[in-house]
Amino acid sequence: MNKIKKTFSVKGMHCASCVLIIEKSLKNIEGVSEANVNLVTEKATVVYDSEKTTDKDLVSAVANAGYKALIEEEFQSEDKERVEKQKELKDLRTRVIISLGLGFLVLWGGFPALMDTAPAILKNFWIQLILATPVQFWAGWIFYRATIPALQHRTANMDTLVVIGTTVAYGYSAFVTAFPQVVQRIGIEPMPYFDVATIIIGLILLGRYFEARAKAGTSEAIKKLIGLQAKTARVVKDNKEVDVPISEVVIGDLIRVRPGEKIPVDGVITEGDSSVDESMITGESMPVDKTIGGKVVGATINKSGSFVFKATKIGQETLLAQIIKLVQEAQGSKAPIQRLADLVSSYFVPVVIMLAIITFIVWYNIGPNPALLFALLNTVAVLIIACPCAMGLATPTAIMVGTGKGAENGILIKDAESLEIAHKVTVIIFDKTGTLTKGEPSVTDVIAFNNGKENDVLQYAASLEKFSEHPVARAIVTFAASLGKTSSHPLDKAIRERAETENTQLFVVNKFKANPGKGLEGEIMIGENPKKFYFGNRALMKDLSINLDAHEAEIQKLENDGKTVMILSSDSDLFGAVAVADTVKENARQGIEELKKLGIESVMITGDNSKTAMAIANKVGISRVLAEVLPDQKEAEVKKIQAEGKIVAMVGDGINDAPALAQANVGIAMGTGTDVAIEAADITLINKDLRSVAATIRLSKKTMRTIKLNLFWAFGYNIILIPVAMGVLYPAFGLLLNPIFASVAMALSSISVVSNSLLLKRYKIN
């Protein structure tokens with residue numbers, strides 16, 4: 001099986017029923033395992049087996065449903081897509097102007113309250129027929145274009161309702177115009193209703209025009225991100241600087257960036273230094289200092305110095321391209337709450353058609369004279385008022401704006417489901433290293449036991465740790481290597497003064513072995529004799545039955561200060577200890593405080609011992625600590641908290657904590673510059689700001705409130721107005737819903753839902 005995920009444009013959709021029809025058609029294709037259609041983005045995302053399904057099959061399935069798939073334009077440029085959207089809007093605007101213009105003339109000559117002021121020519125039924133025909137079959141052709149193939153395949157959508165309603169009104173009016181005597185014989189005044197058909201079409205098209213303009217606003221985040229891209233790059237070749245289009249940059253090119261210029265692609269600085277404004281990617285306003293070896297991100301802005309960097313990622317591999325792709329996928333995904341709207345919509349159009357038939361039968365049999373006219377007009381009103389557009393737009397418009405708002409603030413939300421679940425979270429588990437702390441530990445203390453020498457302790461410890469990639473190991477090895485160099489570090493100076501040699505030399509280690517979560521062991525040659533050394537935490541010493549009582553006070557003092565203490569021993573003797581501290585992030589405590597205000601419990605999980613863990617937890621304001629948890633046990637700890645009935649979010653680095661992130665109801669990865677672990681979590685915080693965890697929860701809550709309000713109005717609109725259109729108020733109050741007013745209400749319902757979603761843009765996350 002060769003699974004492929006493809007996203008392509010679909011033209012002709014107008015409501016939730018359209019979405020369901022296309023999804024059903026795509027899912028019926030052999031080899032298609034998943035099909036997701038988004039009304040707002042007008043795109044379909046399909047997962048299929050390329051050995052069983054071809055692009056032609058997808059296009060054919062969509063066409064058979066009455067719509068048009070543009071698979072060949074999957075990767076079309078933003079400029080081309082914008083031009084097409086503008087062309088569609090222009091065509092729609094032309095149809096609106098002509099249909100409403102002609103419709104007004106028909107209304108003037110045919111509506112009782114207005115016709116007395118109209119010129120005689122407009123009162124002529126044949127003139128009204130001539131004016132109404134282009135509106136019905138030219139301006140309204142877009143409704144027929146979707147309805148005809150849908151009916152051929154025994155499906156129905158919102159366009160079907162419009163076509164049936166307006167065609168009934170137009171057809172009856174045309175019959176009255178051509179055969180007035182036939183209508184007179186059954187006791188009905190031969191009065192046409194061309195105004196109903198033309199004005200309804202014009203108003204529905206007007207509603208679609210405003211709806212299309214409003215929907216365009218929901219994708220502003222994508223436009224902004226794409227607009228950030230630089231157009232050219234100044235490539236250094238043969239000691240010359242040449243400006244080339246960004247599409248011509250290749251990996252390995254050396255690129256010069258001057259003050260005030262955009263960095264074109266991702267890379268690593270090879271010459272010079274500067275400060276870079278990364279706010280458009282991370283949402284962080286403070287510029288970041290960059291020196292040789294520092295990573296730079298495409299689309300960020302060089303603020304001060306000039307530098308040269310080597311391109312490491314181009315095109316679709318850059319961080320900005322990944323962000324754009326992620327936001328597009330998130331905006332095209334479906335939230336679980338949308339299933340309700342989808343379920344209702346799947347039955348909606350057939351039910352409305354049945355209600356319209358019932359309305360006609362009831363009014364025709366028991367309505368006042370002329371019963372046929374009452375039946376026809378009320379039937380048309382039911383068909384027009386019952387538009388499922390608002391239901392189809394309620395969720396995706398809010399999701400688009402919400403995920404876009406997050407992206408603008410350095411919060412990348414992978415899919416709509418994650419955004420929905422986030423607002424239900426009751427417990428957030430934080431990994432310590434690299435999440436609550438900076439993840440860059442440094443040596444703070446070196447202690448020699450039993451009158452030993454600190455330099456010896458450091459030599460043996462660093463010799464063992466040089467084989468490890470753990471942050472603590474790197475800190476010890478780096479510190480040992482720096483002792484022979486000029487340093488202002490007070491500990492460096494103190495150790496150097498007592499060291500036998502100015503440079504701390506590392507020994508050759510044999511029979512090296514790592515004990516995950518506990519420490520290291522290996523043989524070091526001392527003179528001509530190999531000696532077994534162990535370097536690790538209390539758990540390792542306990543396994544070795546090493547008694548720490550004689551030095552417990554010294555070790556506890558370091559641990560109480562929040563330092564990680566690694567102990568050096570042989571099989572039976574203690575040699576000393578090295579203390580390493582990882583400083584807490586500046587905004588960690590504030591981030592935890594903001595979560596407390598939201599009523600969310602914070603938990604810290606770490607492999608450190610309890611005392612060290614509690615010291616860090618106290619600094620950030622966390623009371624519940626899971627300490628001495630090995631990497632492979634974190635997932636189990638998440639499950640335990642979930643078993644308490646809690647909805648759990650896990651915040652980690654997105655790579656080392658992958659099992660726990662996957663197990664959590666919502667996995668949140670702290671972004672690491674250009675190496676963002678997008679695939680490791682549901683949500684990625686590019687800005688690495690812990691306050692963004694609370695901001696994510698608030699954004700989720702705000703988005704869900706918007707969705708629920710949208711659905712309330714969408715469902716409420718139909719529940720209230722369909723019975724009114726059927727005429728339930730007529731017996732008691734003598735009120736009927738004119739089909740023209742029904743079309744106004746239908747258009748306003750869709751526009752109101754989209755406008756409510758757009759209000760999310762004003763929401764301030766922080």
Side-chain angles (χ1 to χ4, degrees), residues 94-141 143-144 161-207 356 359-360 363-364 367-385 724-725 727 730 734-748:
T94 302
R95 291 175 187 269
V96 167
I97 293 171
I98 293 176
S99 59
L100 285 180
L102 295 177
F104 174 74
L105 294 176
V106 174
L107 184 68
W108 191 13
F111 196 72
L114 297 174
M115 60 188 303
D116 292 341
T117 64
I121 190 172
L122 293 180
K123 298 177 185 179
N124 185 289
F125 295 168
W126 286 101
I127 296 298
Q128 291 180 14
L129 174 62
I130 292 170
L131 293 174
T133 300
V135 176
Q136 185 72 36
F137 298 107
W138 173 75
W141 175 246
F143 304 118
Y144 287 97
L161 301 181
V162 175
V163 165
I164 294 174
T166 59
T167 303
V168 166
Y170 175 87
Y172 171 79
S173 301
F175 184 84
V176 166
T177 300
F179 307 104
Q181 65 279 7
V182 176
V183 179
Q184 284 177 328
R185 283 196 207 109
I186 59 176
I188 298 175
E189 182 184 357
M191 177 65 68
Y193 288 89
F194 289 117
D195 55 335
V196 171
T198 54
I199 294 296
I200 284 175
I201 288 175
L203 288 173
I204 292 176
L205 290 175
L206 180 63
T359 299
F360 181 85
W363 277 95
Y364 184 75
N369 287 324
L372 177 62
L373 286 181
F374 272 90
L376 281 174
L377 291 176
N378 287 335
T379 299
V380 172
V382 171
L383 291 168
I384 299 304
I385 198 70
V724 173
Y730 185 79
L735 294 177
L736 290 174
L737 185 63
N738 188 295
I740 293 175
F741 295 135
S743 63
V744 173
M746 186 209 71
L748 289 177

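Only a predicted model underlies this, so the values are computations on that prediction, with no experimental measurement involved.
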Can you list the residues that meet the side-chain contact (heavy atoms from CB on, under 4.5 Å) rule with Ala725, with sequence neighbours excluded? Ala381, Val382, Ile385, Leu737

My understanding is that only residues two or more places apart in sequence, or in another chain, count here; which of them pass side chain to side chain donor-acceptor pair (under 3.5 Å) with Thr94? none

Pairs where residues 370-380 contributes a residue and the test side-chain hydrogen bond (donor to acceptor under 3.5 Å, both in side chains) is met, not counting sequence neighbours: none

Salt bridge (charged side-chain N to carboxylate O under 4.0 Å, His left out) pairs, two or more places apart, involving residues 95-114: Asp91-Arg95

Please enumerate all residues that pass side-chain contact (heavy atoms from CB on, under 4.5 Å) together with Leu735, with sequence neighbours excluded. Leu729, Phe733

So, taking the atom named OG1 in Thr198 and the one named CD1 in Ile98, what distance separates them when rounded to the nearest 0.5 Å? 13.5 Å

Return a table of donor-acceptor pairs under 3.5 angstrom between the side chains of residues 173-180 and protein atoms on other chains or two or more places apart.
residue, atom, partner, partner atom, Å
Ser173, OG, Ala169, O, 2.7
Ser173, OG, Tyr193, N, 2.5
Ser173, OG, Phe194, N, 3.3
Thr177, OG1, Ser173, O, 2.9

N/O donor-acceptor pairs under 3.5 Å from side chains in residues 106-123, not counting sequence neighbours:
residue, atom, partner, partner atom, Å
Trp108, NE1, Thr117, OG1, 2.9
Thr117, OG1, Leu114, O, 2.8
Lys123, NZ, Met115, O, 3.3

Shortest non-hydrogen separation from Leu102 to Pro134 and the atoms involved: CD1-CG, 3.9 Å

Would you please name every residue forming a side chain to side chain donor-acceptor pair (under 3.5 Å) with Gln136, sequence neighbours left out? Tyr144, Thr166

The ring pair (Phe, Tyr, Trp, His ring centres under 6.0 Å) partners of Phe360 (sequence neighbours excluded) come to Tyr364

Side chain to side chain contact (heavy atoms under 4.5 Å, CB included) assessment of Ile201 paired with Phe143: CA-CA 9 Å; Ile201 288 175; Phe143 304 118; 4.1 Å; yes

Main-chain N/O of Ile164 paired with Thr167 side-chain donor or acceptor, under 3.5 Å: no

Heavy-atom pair of closest approach, residues Leu377 and Val196: CD2-CG2, 4.3 Å

Among Leu205, Val380, Val135, which residue satisfies the side chain to side chain contact (heavy atoms under 4.5 Å, CB included) criterion with Ile200? Val380

Stepwise, does the side chain to side chain contact (heavy atoms under 4.5 Å, CB included) test hold for Trp363 with Leu736? CA-CA 12 Å; Trp363 277 95; Leu736 290 174; 3.7 Å; yes

Per-pair distances, 0.1 Å, donor-acceptor, side chain in residues 369-376, under 3.5 Å, sequence neighbours excluded:
none

